[in-house]
Visitor: 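Let me give you the structure first, and then I'll get to my questions.
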Amino acid sequence: MFSLIILTMCGIVGYVGTSPALIVLLEGLERLEYRGYDSAGVALIENGRLHVDKKVGKIRELVRSLWGKELKAMTGIGHTRWATHGEVCELNAHPHTSCSGDFALVHNGIVENYRELKQKLESLGIEYKSQTDTEAIVHLIDLNYEGDLLKAVLKTIKSLKGAYAFAVISTREPNRIVAVRYGSPLVVGVGKNENFIASDIPALLPFTREVIPLDDGEVVDLRPDGLFIYDFEGNLLTKEVMHVPWDIISAEKGGFKHFMLKEIFEQPRTLGDTIRGYISRDIILPFSLRDFRRVVVVACGTSYHAGLVGKYWIEKYTRVPVEVAYASEIRYADMPVGENDLVLAISQSGETADTRFSALAMKEKGATLLSIVNVMGSALDRESDHTLYTHAGPEIGVAATKTFTAQMAVLFALSVNQSESAQEKMENLLKVPHLVEEVLSKSEKVKELALKYANSTDFLYLGRFLNYPIALEGALKLKEISYIHAEGYPAGEMKHGPIALIDEKTPTVALAPRDRVYEKMLSNIEEVLARKGKVIGVGFEGDETLRKVCTHTIEIPQVDEDMTPFLTILPLQLFAYYIADYLGLDVDQPRNLAKTVTVE
Ligand code: M6R
């Protein structure tokens with residue numbers, strides 16, 4: 001099952017009930033916009049016939065094309081497509097319809113044997129209209145239909161190879177949606193006289209907070225008055241309904257210009273919520289990290305940076321060696337792993353393919369799999385031996401912010417848990433939300449500097465020790481939302497190469513709180529200044545030396561060195577945000593990126 005690894009980032013929404021489906025579909029699709037997409041479409045069963053509308057571009061284009069059409073259908077499916085097979089055009093956009101015109105289907109993932117299936121379909125005289133792999137599925141369902149949509153789907157999936165999630169409707173059974181999960185996320189929303197399907201929980205939140213995340217290898221049969229879940233053999237399964245604790249407000253912008261800005265400013269609360277979940281010494285886990293000979297952290301992007309910070313804390317407080325690996329790299333590295341190892345997978349979404357499958361490969365070799373995830377019920381959550389949640393609520397901005405600080409909070413609690421100084425250390429952590437609020441209240445100064453440097457084309461971010469991963473994270477934030485080249489580097493390593501980049505046009509952001517490497521950082525800052533580089537120093541309040549040395553300073557409250565990453569990252573998040581906003585860029589949905597990367 002876990003060899004199926006090539007998935008896509010598209011969005012699926014489906015509705016069957018007693019209200020107009022179109023409203024649900026459009027609202028749901030809008031809430032999936034953050035996944036990244038290039039076209040959108042809906043299919044509805046209107047007066048016994050299929051009505052399909054698709055458009056290239058944003059959902060507003062689709063809304064425009066639907067304008068004035070009085071569609072009262074109570075069954076429908078919708079989709080946002082992120083192209084994998086076939087160019088971006090209306091023909092390739094979903095939903096796809098079958099040869100008879102009676103079936104419509106939306107799909108995430110890749111059908112790996114679609115060429116073979118297409119050939120078979122064409123040999124039967126079926127005209128293949130698009131360049132997609134998806135179209136094969138809907139034709140097959142049509143061919144396999146003998147009066148029962150569920151049976152046709154169960155028969156069809158036997159001939160599919162790959163990883164996918166799809167939802168299908170048919171005019172022959174207008175009050176029914178059948179959907180399948182096999183490698184790509186899919187969640188059922190449970191309503192009263194109505195039921196929903198979506199690829200992600202935020203799409204369901206305006207309508208219901210009662211959900212059932214499907215597992216790989218499950219099929220759901222949805223009708224207005226009930227739903228049934230089966231395995232691929234057609235055996236009925238019993239699944240628990242989960243209550244989603246988020247409210248819809250937390251998935252909306254709440255007065256901020258962008259989700260990213262809202263999420264940055266939410267950090268005092270999200271950190272407070274996360275820390276409160278780990279305040280007791282004993283509740284965290286049934287084992288101690290010291291029971292293992294090694295901890296292997298696997299993660300991607302921002303979650304990987306959180307893992308790098310966690311390494312310092314875990315090694316300091318438990319003396320257990322930690323390796324932090326990019327999930328995409330370690331997966332094919334043949335690393336010796338076994339029963340004595342703890343794999344710590346870190347993922348906001350819990351759906352990142354690289355993270356999931358590298359962690360699962362190690363679990364299969366006998367390692368214990370512990371995960372830190374934000375999305376309860378996500379694949380990684382369900383696949384892990386134990387999960388620690390970040391209680392950060394839904395993160396909509398593609399650039400991770402509040403989930404990064406929440407991940408660090410969980411990592412810190414995990415590191416000090418069961419150490420002699422646990423109580424004292426957790427008291428330090430408890431003070432963090434308030435300090436975060438204090439730093440954020442001085443955002444204007446960061447904005448001023450951001451506007452001053454917004455036209456620079458290259459940046460260097462330097463840090464050492466606990467703030468080296470923060471330099472990496474600050475550079476990643478700037479790259480992904482402002483498209484400005486930025487390099488994060490360990491400050492002491494700079495003289496071995498990157499120092500050649502320094503000139504008067506390349507500003508450096510230097511993280512220099514008064515920690516054990518402070519003096520060394522000052523020397524590294526001097527090295528930059530000596531080469532005419534401008535330096536924005538991030539350091540402690542009242543640090544006269546730093547003020548004198550740097551071109552500009554951004555100040556954070558004085559804290560124990562362990563707590564510095566929680567504060568130094570904040571100006572860097574804001575700096576990236578204000579530059580991207582000043583440049584007029586799409587902050588929440590940067591080009592080429594998707595919130596959840598379910599492709600390898
Ligand atoms: O959901 P995950 O934490 O597994 O996602 C990992 C990365 O894709 C993610 O952190 C990505 O780097 C973000 N765009 C960073 O802002």
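First listed ligand is number 1; within each ligand, the first listed atom is number 1. Reckoned from all heavy atoms, side chains included, excluding hydrogens, waters and symmetry mates.
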Visitor: When you measure from atom 7 (C) of ligand 1 to every protein heavy atom, which one gives the shortest distance, and what is it?
Guide: C300 O, 3.7 Å
Visitor: How close does the nearest protein non-hydrogen atom get to atom 16 (O) of ligand 1, and which residue and atom is it?
Guide: E480 OE2, 2.5 Å
Visitor: Which residue supplies the protein heavy atom nearest to atom 12 (O) of ligand 1, what is that atom called, and how far is it?
Guide: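 That would be G301 CA, 3.3 Å.
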Visitor: Given T302, which of Q407, E480, K477 fulfils the side-chain hydrogen bond (donor to acceptor under 3.5 Å, both in side chains) condition?
Guide: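 Going through the options one by one, the only one that passes is K477.
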Visitor: Which ligand 1 atoms are under 4.0 Å away from a heavy-atom of K477?
Guide: 15 (C), 16 (O)
Visitor: How far is atom 8 (O) of ligand 1 from its nearest protein heavy atom, and which residue and atom is that?
Guide: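 The protein heavy atom lying closest is V597 CG2, 4.1 Å.
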Visitor: Quick one: look at K595 and ligand 1, take heavy-atom pairs under 4.0 Å, and tell me if it's side chain, backbone, both or neither.
Guide: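 Neither part.
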Visitor: Is it true that E218 and K239 make a salt bridge, defined as a side-chain N closer than 4.0 Å to a carboxylate O?
Guide: yes
Visitor: Any ion pair linking R31 and D200 (charged N to carboxylate O, less than 4.0 Å)?
Guide: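 So D200 does not pair with R31 through a salt bridge.
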Visitor: Taking only Lys NZ, Arg NE, NH1 and NH2, and the carboxylate oxygens of Asp or Glu, determine whether R331 and D354 approach each other closer than 4.0 Å.
Guide: no
Visitor: In terms of ring plane angle, is the pair Y461 and F575 parallel, tilted or perpendicular, where the classes change at 30° and 60°?
Guide: perpendicular
Visitor: Heavy-atom contact under 4.0 Å between L593 and ligand 1?
Guide: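 No.
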Visitor: With respect to atom 5 (O) of ligand 1, which of V298, T352, I346, T403 exhibits the smallest heavy-atom separation?
Guide: T352
Visitor: Nearest 0.5 Å please: distance from the CD atom of E437 over to the CZ atom of F265.
Guide: 10.5 Å
Visitor: In terms of side-chain geometry, is the basic nitrogen of E266 or R269 positioned less than 4.0 Å from the acidic oxygen of its partner?
Guide: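 Looking at E266 and R269, the cut-off is met.
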Visitor: Select one of side chain, backbone, both or neither to describe which atoms of E351 lie under 4.0 Å from any atom of ligand 1, heavy atoms only.
Guide: neither
Visitor: Looking at non-hydrogen atoms alone, which of V375, T302, L380 comes nearest to atom 11 (C) of ligand 1?
Guide: T302
Visitor: Indicate, with yes or no, if the rings of W313 and F465 have centres closer together than 6.0 Å.
Guide: no
Visitor: For atom 1 (O) of ligand 1, what is the closest protein heavy atom, and at what distance to 0.1 Å?
Guide: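 The protein heavy atom lying closest is S349 OG, 2.7 Å.
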